[in-house]
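Chain letters run A, B, ... following the sequence lines, proteins first, then strands; residues in each count from 1.
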Amino acid sequence: MNLDSIGDWNRTHYTSQITPDLDGQEVTLFGWIQDIRDLGGIRFFILQDREGTIQLTIPKKRVHPEVLTKTNFLQKRFSIALKGMVKKTSMTPRGIEIIPSDVKILGTATEQLPLDITGKTPANIEARLDARPLDLTLEKNLAAFRIQHTALQAIRSFLFGKGFLETHTPRIIASATEGGAQLFCVDYFGQKAYLAQSPQLYKEELTLSFEKVFEVGPFFRAEESHTRRHLSEFTSVDIEQAFADAKDVMALLEQVIYHTCLTVKETCTKELKVLGYKFEVPQLPFKRLTYDQVLEDLKTTGITIPWGEDIPTEAFRELGKLYPFFYFITDWPTHAKAFYIKPREDKPEVCEGFDLMWRYIELVSGGTRISQKEQLIERLKEKGLNPDSFKSHLQAFDFGMPPHAGWAIGLERLTMILTGKKNIREVTLFPRDRVRLTP
RNA sequence: GCCCAGGUAGUAUAGUUCGGCCUAGUAUAUGCGGCUGUCGCCCGCAGGACCCGGGUCCAAAUCCCGGCCUGGGCGCCA
């Protein structure tokens, strides 16, 4: 098929901007054919663009013969441009339709699409991800990512307002930041290097100069996780603040979450409606549970965990039923947290690390960091890590490391909470997991 | 890494219990035809599938073995 050139046409409106008071006006629209209903003498197309849909109506005997000929070729997902007249009508849900006067075909599509784009026969996640570029055109998916976009925008503007600087630290690193073996190796000009699993060490080093920093970016974990809340590549929203402790950054965090929920609730009403999801903006302050309290609460559900042990998923699920919203867990056993988390001065077996939970999902983890070099070296050794491989990080502690604290939000997990999606891959454009490397 | 479940047209499913009535049903999608107000349009027609390999049996989508692939749970974590 010969495709048309876009020529000097410019879009005058998105579909969502067409209202009944534009009756009689000529508009230029760009978009895709989402659905076709041909009744014989009259033919309807649903035109979709980023912002929504609108009906194109072709009364076959009363439309330009050229338009009729052109629309004979149209199939689902063809991208088109059209000029047409806005017509007020009582016969469409939105009270308007477009009578095209000129149509250009800009892109074609296969006859048999790999997914049903009208939503009559929903596909499984696997089929959806295999055809992800098409899947993302579905209104529900557009809505989910619009919510993610809005959430991130809210977080950024809030942090800017609090004086944080946005930074960019390396993704290619020489040694582990968290310990353990869950790193992807890369060949760096013959040297062994790794993909960063977090910006942890760099953001701490930046508190020496910029004091309050944040970073949004992808990080990599080579864990063979097989769950609906893990990715091999995920997006982290990290902050680190000088002259602050866990209490300070927890207060900041709950404000960030509150502000984000409020913004999404207020500005994404259309998207939430499309998703059929309602969520309550959480009340401040969030509940703060200590690790010890959590163990007590779990006993009432019949789960007994010896002090010092990690809390298994099954227990978190029970806890989520007890606290079906956001809550902090504080005062974790020191050995259960990363080496850079500061032990409490009055009670060193417990640390100043915290998690922000949403039901059973660990959404954020953070804490006061160790700012004394000797203590950090000691903790590295306790964790079985070699201080020599952290040499370049440890030098920062010779240059006046301030007391500091920070946290990291899992952006996709936050999006799950804001959209009601149960599988993290649904809220990741092109998810990477244990088995998926394409598309 | 460990443990479960499962692979049937483009998509989603029925059928597998207890092998035969499966020449594999249904919905939707696709193609063709019809229809002037549809909006999950409607009506008719058509084409389209049992993951791969081996085994048992008169007979395998169905049972057995091996493989491949996928989903989910655990651990770990954001």
Side-chain angles (χ1 to χ4, degrees), chain A residues 34-47 53-63 75-77 87 89-95 97 99 109-131 134-135 177-182 197-200 216-238 309-317 336-338 355-358 360-366 407-417 422-425 427-428 433-436:
Chain A
Q34 190 205 30
D35 208 358
I36 303 168
R37 284 186 284 275
D38 192 327
L39 274 63
I42 192 165
R43 175 186 285 164
F44 304 102
F45 294 98
I46 304 301
L47 182 79
T53 59
I54 196 162
Q55 176 170 294
L56 314 180
T57 303
I58 319 285
K60 290 185 187 170
K61 286 181 182 159
R62 287 185 281 121
V63 85
Q75 294 170 16
K76 283 182 189 171
R77 287 310 304 171
K87 194 182 151 205
T89 171
S90 59
M91 285 181 282
T92 65
R94 283 182 55 199
E97 62 188 355
I99 313 294
T110 56
E111 285 170 353
Q112 182 70 73
L113 297 167
L115 300 171
D116 170 22
I117 57 166
T118 62
K120 291 173 204 162
T121 311
N124 294 327
I125 186 76
E126 183 197 348
R128 288 178 48 199
L129 292 176
D130 283 343
L134 179 64
D135 184 52
T177 51
E178 310 272 344
Q182 67 266 44
Q197 56 195 174
S198 108
Q200 185 60 36
V216 179
F219 290 98
F220 307 89
R221 304 271 166 101
E223 291 153 6
E224 305 217 5
S225 295
H226 236 123
T227 81
R228 290 180 294 176
R229 54 189 191 285
H230 286 88
L231 294 165
S232 307
E233 177 174 359
F234 70 101
T235 309
S236 184
V237 180
D238 268 86
E309 302 249 316
D310 242 327
I311 297 170
T313 302
E314 185 203 0
F316 273 132
R317 286 184 192 274
K337 286 287 176 190
D355 284 349
L356 178 65
M357 306 292 301
W358 186 80
Y360 71 92
I361 294 175
E362 298 172 64
L363 176 64
V364 182
S365 81
W407 41 252
I409 305 175
L411 180 65
E412 292 86 358
R413 288 189 179 176
L414 179 63
T415 312
M416 287 171 80
I417 291 163
K422 298 282 191 291
N423 190 324
I424 199 163
R425 289 178 295 171
V427 292
T428 307
D433 60 36
R434 172 71 187 80
V435 293
R436 185 172 288 276

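Here B/C76 is the nucleotide among B/G72, B/C76, B/A78 with the atom lying nearest to any side-chain atom of A/Q182. Minimum atom distance to the side chain of A/K120 is reached by B/G40, of the listed B/C77, B/G10, B/G40. Side-chain atoms of A/T121 lie closest to B/U28 of the nucleotides B/U28, B/G71, B/G37. Nearest to the side-chain atoms of A/E111 among the listed nucleotides B/G73, B/G31, B/C35 stands B/G31. Nearest nucleotide to the A/T227 side chain, out of B/G73, B/A29, B/U70: B/G73. In the set B/G37, B/C74, B/U28, the nucleotide with an atom closest to the side chain of A/T89 is B/G37. Taking every side-chain heavy atom of A/R37 into account, B/C39 is the closest of B/A12, B/C39, B/C76. Closest to the side chain of A/A123, out of B/U11, B/C74, B/G37, is B/U11. Picking from B/G72, B/G75, B/G37 the nucleotide with the shortest atom distance to the side chain of A/N423 gives B/G72. Side-chain atoms of A/T57 lie closest to B/G37 of the nucleotides B/G37, B/G75, B/U28.
Rounded to an integer number of Å, the gap from A/I99 CD1 to B/G37 P is 15 Å. The CG-C1' distance, from A/L39 to B/G33, rounds to 15 Å in whole Å. The CG atom of A/D38 sits 14 Å away from the C1' atom of B/C39 (whole-angstrom rounding). A/R434 has its CZ atom 19 Å from the P atom of B/C76, to the nearest Å. Between the CD1 atom of A/I46 and the P atom of B/G37 there is a distance of 16 Å, rounded to whole Å. The interatomic distance linking A/Y360 (OH) with B/G72 (P) rounds to 12 Å, in whole Å. Atom C1' of nucleotide B/C76 and atom CD of A/E362 are separated by 9 Å, given to the nearest angstrom. Atom NE2 of A/H226 and atom P of B/G73 are 9 Å apart (whole Å).
Taking only side-chain nitrogens and oxygens, A/N124 never comes nearer than 4.0 Å to OP1 or OP2 of B/G71. Within the structure, every side-chain polar atom (N or O) of A/R43 is placed at least 4.0 Å from both OP1 and OP2 of B/G34. For the pair A/K76 and B/U30, the criterion of a side-chain N or O lying under 4.0 Å from OP1 or OP2 is met. OP1 or OP2 of B/G72 sits under 4.0 Å from a side-chain N or O of A/R425. Of the side-chain N and O atoms in A/R228, one or more sit less than 4.0 angstrom from OP1 or OP2 of B/G73. The side chain of A/T313 contributes an N or O atom lying less than 4.0 Å from OP1 or OP2 of B/G75.
The residues A/D433 and A/R228 are annotated as not salt-bridged, no charged nitrogen and carboxylate oxygen being separated by less than 4.0 angstrom. Residues A/K337 and A/D355 are paired through a salt bridge, judged by an N-O separation under 4.0 Å between the basic side chain and the carboxylate. Between A/D130 and A/R436, at least one side-chain nitrogen of the basic residue sits less than 4.0 Å from a carboxylate oxygen of the acidic one, meeting the salt-bridge criterion.
Pairing partner, B/C2: B/G73, with both Watson-Crick or wobble hydrogen-bond distances short of 3.5 Å. In this structure, B/G40 forms no base pair with any nucleotide, since neither Watson-Crick nor G-U wobble geometry is met with both distances under 3.5 Å.
In terms of polar N and O atoms assigned as donor or acceptor, the side chain of A/Q112 never comes within less than 3.5 Å of the base of B/G47 in a complementary pairing. Taking only distance into account, the side chain of A/R229 never meets the base of B/A78 through a donor-acceptor pair shorter than 3.5 Å. In terms of polar N and O atoms assigned as donor or acceptor, the side chain of A/Q55 comes within less than 3.5 Å of the base of B/U38 in a complementary pairing. Remark: the A/S225 side chain and the B/C77 base include no donor-acceptor N/O pair separated by less than 3.5 Å.
Comparing the P positions of B/A12 and B/U70 gives a spacing of 15 Å, expressed to the nearest Å. The separation of B/A14 from B/A27, taken at their P atoms, amounts to 15 Å, rounded to a whole angstrom. Taking atom C1' on both B/C21 and B/U62, the two are 15 Å apart, rounded to the nearest angstrom. The gap from the P atom of B/U13 to that of B/U8 amounts to 9 Å, rounded to the nearest Å. Between B/A61 and B/U16, the two C1' atoms lie 7 Å apart (nearest whole Å). Comparing the C1' positions of B/C63 and B/G15 gives an interatomic distance of 16 Å, to the nearest angstrom. When the C1' atom is compared between B/G25 and B/G71, the two are found 25 Å apart, to the nearest whole Å. Straight-line distance between the C1' atoms of B/U38 and B/C43: roughly 15 Å, to the nearest whole Å.
Atom CD of A/E314 is surrounded by 12 or fewer heavy atoms from other residues, nucleotides or ligands within 6.0 Å.
Nearest-nucleotide mapping onto RNA chain B: of A/T235 and A/I125, the residue sitting toward the 5' end is A/I125. Of the two residues contacting RNA chain B, namely A/E314 and A/I361, the nearest-nucleotide position lying further toward the 5' end is that of A/E314.
Across A/R221 and A/S198, no two heavy atoms sit closer than the pair NH2-CB, 4.1 Å.
Interatomic distance, A/I424 CD1 to A/I361 CD1, rounded to the nearest 0.5 Å: 8.0 Å.
Checking A/T53 against A/Q34 by side-chain atom types alone, no donor-acceptor pair falls below 3.5 Å.
A stacked arrangement is assigned to A/F234 and the six-membered base ring of B/A78, with a centre-to-centre distance below 5.5 Å and an interplanar angle below 30°.
Within 4.0 Å of A/P93, counting heavy atoms only, lies at least one base atom of the nucleic acid. Using a 4.0 Å heavy-atom distance criterion, A/D35 is classed as a sugar-phosphate-only contact.
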List the steps and the verdict of side-chain hydrogen bond (donor to acceptor under 3.5 Å, both in side chains) for A/T92 and A/Q55.
CA-CA 8 Å; A/T92 65; A/Q55 176 170 294; 5.8 Å; no

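Under the side-chain contact (heavy atoms from CB on, under 4.5 Å) rule, A/H230 has a single partner from A/E224, A/R413, A/R434, which is A/R413.
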